[in-house]
Peer 1: 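Sharing a structure below in structure tokens format, with a few things to ask.
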2 protein chains.
Amino acid sequence: MNSLEKMLSLLDVFTPAVPVWSTDDLIRWSGASRSTCYRYVKVLQDAGLLTPVAQGAYMLGPRIIELDRNVRASDPVYTGGGPPMVKLATRTRQSAMLCILFSDTVMCVRDFRHRDAPEEMFARGQRRPLFVGAASKVMLPYLAAHQQRTLYAKHRKSIAAAGMGSDWEGFRKYLAQVREAGHCITRGEFSPGIVGIAAPLFNGAGDVLGSMGLVFHHAKVTKAEFPRLAQAVMSAAQEATERIGSGAHGADRPARAVG
Amino acid sequence: MNSLEKMLSLLDVFTPAVPVWSTDDLIRWSGASRSTCYRYVKVLQDAGLLTPVAQGAYMLGPRIIELDRNVRASDPVYTGGGPPMVKLATRTRQSAMLCILFSDTVMCVRDFRHRDAPEEMFARGQRRPLFVGAASKVMLPYLAAHQQRTLYAKHRKSIAAAGMGSDWEGFRKYLAQVREAGHCITRGEFSPGIVGIAAPLFNGAGDVLGSMGLVFHHAKVTKAEFPRLAQAVMSAAQEATERIGSGAHGADRPARAVG
DNA sequence: TCAAAAAATCCCACATTGATGGATATCGCG
DNA sequence: CGCGATATCCATCAATGTGGGATTTTTTGA
């Protein structure tokens, strides 16, 4: 761990459970000397990543809020997908979300909670594993060939455990089925009774950028309605794709180094 | 500028205007050698603050979204003030926002845009100067005495330019008036024609944590309605203060090192 | 407003590592 | 799949990060 990494690791201690840290606690936690830890804190504070609060303590700082604003403004999934997602949620009376891939996780970047949204539904800033849930699975078939290969090589166990293929051919077959359907439906993968229906979003060149999905408790929707909901999701996702393709929605670069 | 600062300064180049930077551009911008710049980028990527995207470029990364989520979850102004703010906006049919102080700026942490919200209205993540606008001014009278003194000493020119007192006594008198009113009304301070009405939010110990306000174009509301709106703002702010005081809304530490 | 306590900065020699310019390995894309 | 682009590796040494007190500044509460 070099000094750059040590400094940044200080950010990791600020969680919703323990959002305030005194200087002494930070020094203790960091394992560095007092002077060195003060130095790290000072740089983070000057950069706005930490902010001083009463009683000599620190919390995460305003620069994070600003950077997140920049992320939102630049993310075509967020800006291009937002209005169609809200429309979808309103029309179907279910909760909806937009997700993207980062490395080996899927992250929710925008959510719209309808009345009675499942408690377990994930929200902006939360990550989930890559091989669980419709929002993630529906993106995988559209990744570049080399990305799929890398994914498979790194995660064959998780893929098999998720029932997505016990070998490369099985995985490809699974992906082809999802691709053929144009959407993905999962039940009980994050929590018992929770259903996800998701469809992919693309940029103008046809690269997958993210996914849009609905989440609901299976007691709220009969299975006979799934096809209709899937159609609505695909339709809204197509609308989002068109908005993204118009070029007015930030930087439409697909993820690299996936897996 | 030490290496820690240089590394973090790379984050500053990622703006909504230029959200994607190639490695070569970053190297050029940083002024460091190729190896050094790659080293910085690698640490930032490993920490999740940058993410690789297609064509060898980088964008701001997922950790920012997560950290912002942590900020939201811990901020009593955001969580405690949110529902009363939405209620206020709905009831008055105007746009509303929540703000807090950071160092020498005021930042919006939550906003609710009603139909016909002014274009200029600021939003989560945006900063404004400390001595302009109701959202900021209404917090100043409640700062600790030493903070007011420091503020005055550092910013006497801005304070005078803002018409908030040409000397210390004048400034204190101005603050006392705002304090006595329990709210603040400003017109045209950010933009011509834009009115702000704001009231402060406090923690259980009576320290100021932030402010809640309405924003509208003066053509939309007659001056005769200002007192009624001010009353509604104060009432909603009081409700937020009570919610914050219940202790269920994050870390209610007031800002330190203000100014 | 004041004074004591707490927090933050300063100091500077030297131990440690950050920086660097090619060589080499790995990854991405068509 | 193969080649060009990107990222990592290497090892010396110049540069700076480190640390334990002393000192200064800020905060807190009466």
Side-chain angles (χ1 to χ4, degrees), chain A residues 1-8 20-28 30-46 50-58 101 103 142-154 203 205-208 253-259, chain B residues 1-8 20-28 30-46 50-58 103 143-154 168-169 172 203 205-207 253-259:
Chain A
M1 262 253 266
N2 62 30
S3 62
L4 304 167
E5 288 165 340
K6 283 185 211 159
M7 179 183 74
L8 288 183
V20 180
W21 283 69
S22 71
T23 318
D24 286 343
D25 289 336
L26 288 173
I27 292 163
R28 229 173 274 125
S30 74
S33 69
R34 221 177 74 263
S35 289
T36 296
C37 194
Y38 264 112
R39 222 166 17 90
Y40 292 158
V41 169
K42 182 169 168 32
V43 173
L44 290 171
Q45 184 185 342
D46 291 346
L50 291 184
T51 190
V53 294
Q55 289 151 52
Y58 288 84
L101 289 181
S103 186
Y142 304 95
L143 291 175
H146 77 89
Q147 290 178 327
Q148 287 177 3
R149 248 191 323 263
T150 301
L151 252 199
Y152 189 70
K154 283 195 183 172
N203 68 8
D207 305 312
V208 69
R253 301 281 184 107
R256 179 166 55 102
V258 171
Chain B
M1 266 251 268
N2 63 30
S3 62
L4 303 168
E5 288 164 340
K6 282 186 212 157
M7 179 183 74
L8 289 183
V20 181
W21 284 70
S22 71
T23 319
D24 285 344
D25 289 336
L26 289 173
I27 292 163
R28 230 172 276 125
S30 74
S33 70
R34 221 177 75 264
S35 289
T36 295
C37 194
Y38 266 112
R39 224 168 16 92
Y40 292 159
V41 168
K42 183 167 166 38
V43 173
L44 291 170
Q45 181 183 346
D46 291 345
L50 290 183
T51 190
V53 295
Q55 290 151 52
Y58 288 85
S103 186
L143 291 175
H146 78 89
Q147 290 178 327
Q148 287 176 0
R149 242 185 333 256
T150 301
L151 253 198
Y152 189 70
K154 282 196 190 174
W168 171 237
E169 281 309 312
R172 279 166 43 105
N203 67 10
D207 304 312
R253 302 279 184 110
R256 179 165 57 100
V258 171

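Below, chain A is the first sequence line, B the second, and so on; all start at residue 1. These figures come from a predicted structure and were not determined experimentally.
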Peer 1: Reading nucleotides 1-13 of chain C 5' to 3', which nucleotides get B (base under 4.0 Å from a protein heavy atom), which S (sugar-phosphate only), which -?
Peer 2: B-----SBBB---
Peer 1: State the CZ-CG distance between A:R39 and A:L44, to the nearest 0.5 angstrom.
Peer 2: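 Going from CZ on A:R39 over to CG on A:L44, the span is 11.5 Å.
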Peer 1: Can you see which heavy atom on A:P254 is nearest to which on A:N203, and at what distance?
Peer 2: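 Heavy atoms of A:P254 and A:N203 come nearest at CD-ND2, 3.8 Å.
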Peer 1: Find out whether the Lys NZ or Arg CZ of A:R253 is both under 6.0 angstrom from the six-membered ring centre of B:Y58 and within 45° of the ring's axis.
Peer 2: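 The answer is no, since A:R253 fails at least one limit relative to B:Y58.
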Peer 1: With sugar-phosphate meaning primed atoms plus P, OP1 and OP2, does B:A54 contact a base, only sugar-phosphate, or nothing at under 4.0 Å between heavy atoms?
Peer 2: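 The residue B:A54 makes sugar-phosphate contact but no base contact.
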Peer 1: Answer yes or no: is there a side-chain heavy-atom contact under 4.5 Å between A:V208 and A:L143?
Peer 2: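 In contact.
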Peer 1: Taking the side chain as C-beta and beyond, is there a heavy-atom pair between B:L8 and A:M7 under 4.5 Å?
Peer 2: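 Yes. Closest side-chain heavy atoms under 4.5 Å.
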Peer 1: So how far is it from B:I27 CD1 to B:S22 OG, rounded to the nearest 0.5 Å?
Peer 2: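 Answer for the CD1-OG pair, B:I27 versus B:S22, is 8.0 Å.
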Peer 1: Contact boundaries of DNA chain D with chain B (under 4.0 Å, heavy atoms), 5' to 3'?
Peer 2: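 The contact span of chain B on DNA chain D goes from D:dT6 to D:dT28.
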Peer 1: Closer to the 5' end of DNA chain D via nearest nucleotide, is it B:N2 or A:V53?
Peer 2: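 Between the two, 5'-proximity favours B:N2.
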Peer 1: Just the rounded figure in Å: distance from P of C:dC27 to CD of A:Q147.
Peer 2: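 Atom CD in A:Q147 sits about 13 Å away from atom P in C:dC27.
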Peer 1: Looking at B:A257 and B:Q147, what are the two nearest heavy atoms and their distance?
Peer 2: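 For B:A257 versus B:Q147, the nearest heavy atoms are N-NE2, 4.3 Å.
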Peer 1: Quick check: do B:V43 and A:N2 have side-chain heavy atoms less than 4.5 Å from each other?
Peer 2: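 They are in side-chain contact.
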Peer 1: Could you check how far CG of A:D207 sits from P of C:dG28, rounded to whole Å?
Peer 2: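 After rounding, the reported distance stands at 14 Å.
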Peer 1: Between A:L4 (CG) and C:dG18 (P), how many Å, whole number?
Peer 2: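 About 6 Å, once rounded to whole Å.
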Peer 1: Taking atom C1' of C:dC29 as reference, at what distance in whole Å does atom CZ of A:R253 sit?
Peer 2: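 In whole Å, C:dC29 C1' lies 13 Å from A:R253 CZ.
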